[in-house]
Amino acid sequence: MSVYHAGSRAVQDRVGVREQADHVGRSVGRGIREIAAAFLEQQPLLVAGAADPSTGRVWASPLTGAPGFVRATGPDRISVAGGWLPSDPLATAFTAPGTPVGTIALDPRTRRRMRLNGRLAPTARGFAIEADQVFANCPKYLQRRQSYEIVADRRPGEPRSGPELTARQAEFVTAADTFFLASVHEGGADVSHRGGNPGFVRVDAPGELSWRDYPGNSMFLTLANLAADPRAGLLFLDWTTGTALQLTGEAHTEFGEDRRVRFTVREVVETPSALPLRWSAPEYSPANPAPEG
């Protein structure tokens with residue numbers, strides 16, 4: 001399978017980075033190297049992105065478990081031992097054979113991240129993914145959190161859903177230093193990380209968000225997917241309380257001197273105490289641009 005689809009090439013050519021993209025693309029493969037397998041087994045959090053087969057809406061979802069709940073079980077296969085909530089918008093997708101799914105494992109302690117995209121196969125304990133793409137990203141815009149603890153008595157609250165952000169949820173978004181962005185293309189899915197100082201995501205209206213697209217690895221996998229299919233899902237986490245805020249809608253990119261992505265909200269799901277993890281305070285990445293005035 002080619003690393004880039006036609007939409008990727010169109011965006012790379014528009015920005016003038018095809019040569020850089022070709023260079024970076026050589027690091028993408030199907031195999032899971034030993035160092036990558038070891039990294040996966042250390043993680044208590046995996047973020048998965050896919051389209052809900054019943055609605056077509058795209059979501060990004062958090063999965064958690066004791067380290068080892070995600071592990072490589074073959075040269076190009078990982079297994080995930082559950083970790084999602086029964087109420088998660090992607091609960092149906094996680095049990096549907098052949099679902100295209102994207103994943104990202106991000107370790108704030110080391111500012112490392114790894115992405116693995118492929119097709120899902122349900123298992124007795126959760127699901128497996130046969131990998132089509134496996135690759136690492138640089139630590140740019142990733143906030144360091146030195147440690148985490150598992151809050152054993154934390155229980156997920158009742159999910160609250162709505163068609164747009166409440167005032168409190170808007171404050172949650174504008175205070176965020178990190179979110180995850182799920183996107184899809186014909187036959188595939190992907191999840192990427194976005195980071196910056198608090199305020200890097202703007203709430204322009206209860207049903208619209210926007211953020212600057214900071215310079216990255218020149219692959220433009222996410223923006224290419226959005227150009228081909230605007231469906232997208234966002235995930236914001238409270239790294240202290242474990243609350244998860246999931247948004248689904250459509251996104252489009254405004255190209256110019258400063259690229260900006262605008263996201264139209266179609267549905268919001270907030271789950272209090274969704275994750276049993278409490279992380280330490282962030283040390284902001286030195287790569288983060290100054291907040292917009």
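Only heavy atoms go into these numbers, but all of them, side chains included; no hydrogens, no water, no symmetry mates. We're numbering straight along the sequence, starting at 1. Keep in mind that this is a model prediction, so the values were computed, not measured.
- For the residue pair Asp190 and Gln133, no side-chain donor N or O sits within less than 3.5 Å of a side-chain acceptor on the partner.
- Electrostatic pairing of Arg57 and Glu267 counts as a salt bridge here, judged by a charged N lying under 4.0 Å from a carboxylate O.
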Before giving the answer on ring-ring contact (aromatic ring centres under 6.0 Å, His included), spell out for Phe179 and Trp211 the whole-Å C-alpha distance, their side-chain angles and the decisive distance to 0.1 Å. CA-CA 11 Å; Phe179 73 93; Trp211 60 89; 4.9 Å; yes
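- The neighbour count for Arg71 CZ, taken as heavy atoms of other residues, nucleotides or ligands under 6.0 Å away, does not exceed 12.
- At a threshold of 4.0 Å, the pair Arg112-Asp107 does not count as salt-bridged, since none of the basic side-chain nitrogens sits closer than that to a carboxylate oxygen.
- Rounding to the nearest 0.5 Å gives a distance of 5.5 Å between CG of Asn117 and CZ of Phe135.
- Side chains of Thr92 and Ser54: a donor-acceptor N/O pair is absent below 3.5 angstrom, by distance only.
- Salt bridge absent: Asp177 and Arg194 never bring a charged side-chain N and a carboxylate O closer than 4.0 Å.
- A salt bridge links Glu250 with Arg266: the distance from a Lys NZ or Arg NE/NH1/NH2 to an Asp or Glu carboxylate oxygen falls below 4.0 Å.
- Under a cut-off of 6.0 angstrom, the local environment of CZ in Arg160 is crowded, with over 12 non-hydrogen atoms contributed by other residues, nucleotides or ligands.
- Rounded to the nearest 0.5 angstrom, Leu106 CG and Ser192 OG are separated by 11.0 Å.
- Side-chain atoms of Gln169 and Glu270 include a donor-acceptor pair closer than 3.5 Å.
- More than 12 heavy atoms of other residues, nucleotides or ligands sit less than 6.0 Å from atom CD of Glu149.
- Looking at Arg260 and Ser210, their side chains do bring a donor and an acceptor atom within 3.5 Å of each other.
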Evaluate Phe127 against Trp84 for ring-ring contact (aromatic ring centres under 6.0 Å, His included), listing each step before the verdict. CA-CA 11 Å; Phe127 61 80; Trp84 66 89; 5.6 Å; yes
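- Atom CG in Leu120 sits 6.0 Å away from atom CD1 in Ile129 (nearest 0.5 Å).
- A salt bridge does not link Arg119 to Asp132: none of the charged nitrogens lies less than 4.0 Å from a carboxylate oxygen.
- Inter-residue side-chain proximity for Asp153 and Val151 is flagged as met; some heavy-atom pair is nearer than 4.5 Å.
- Checked by atom type, the side-chain pair Asn225/Thr222 shows no donor-acceptor distance below 3.5 Å.
- Side-chain contact check for His252 and Arg262: no donor-acceptor pair (N or O, by modelled atom type) lies under 3.5 Å.
- Counting non-hydrogen atoms of other residues, nucleotides and ligands closer than 6.0 Å to CD of Glu186 gives a total of 12 or fewer.
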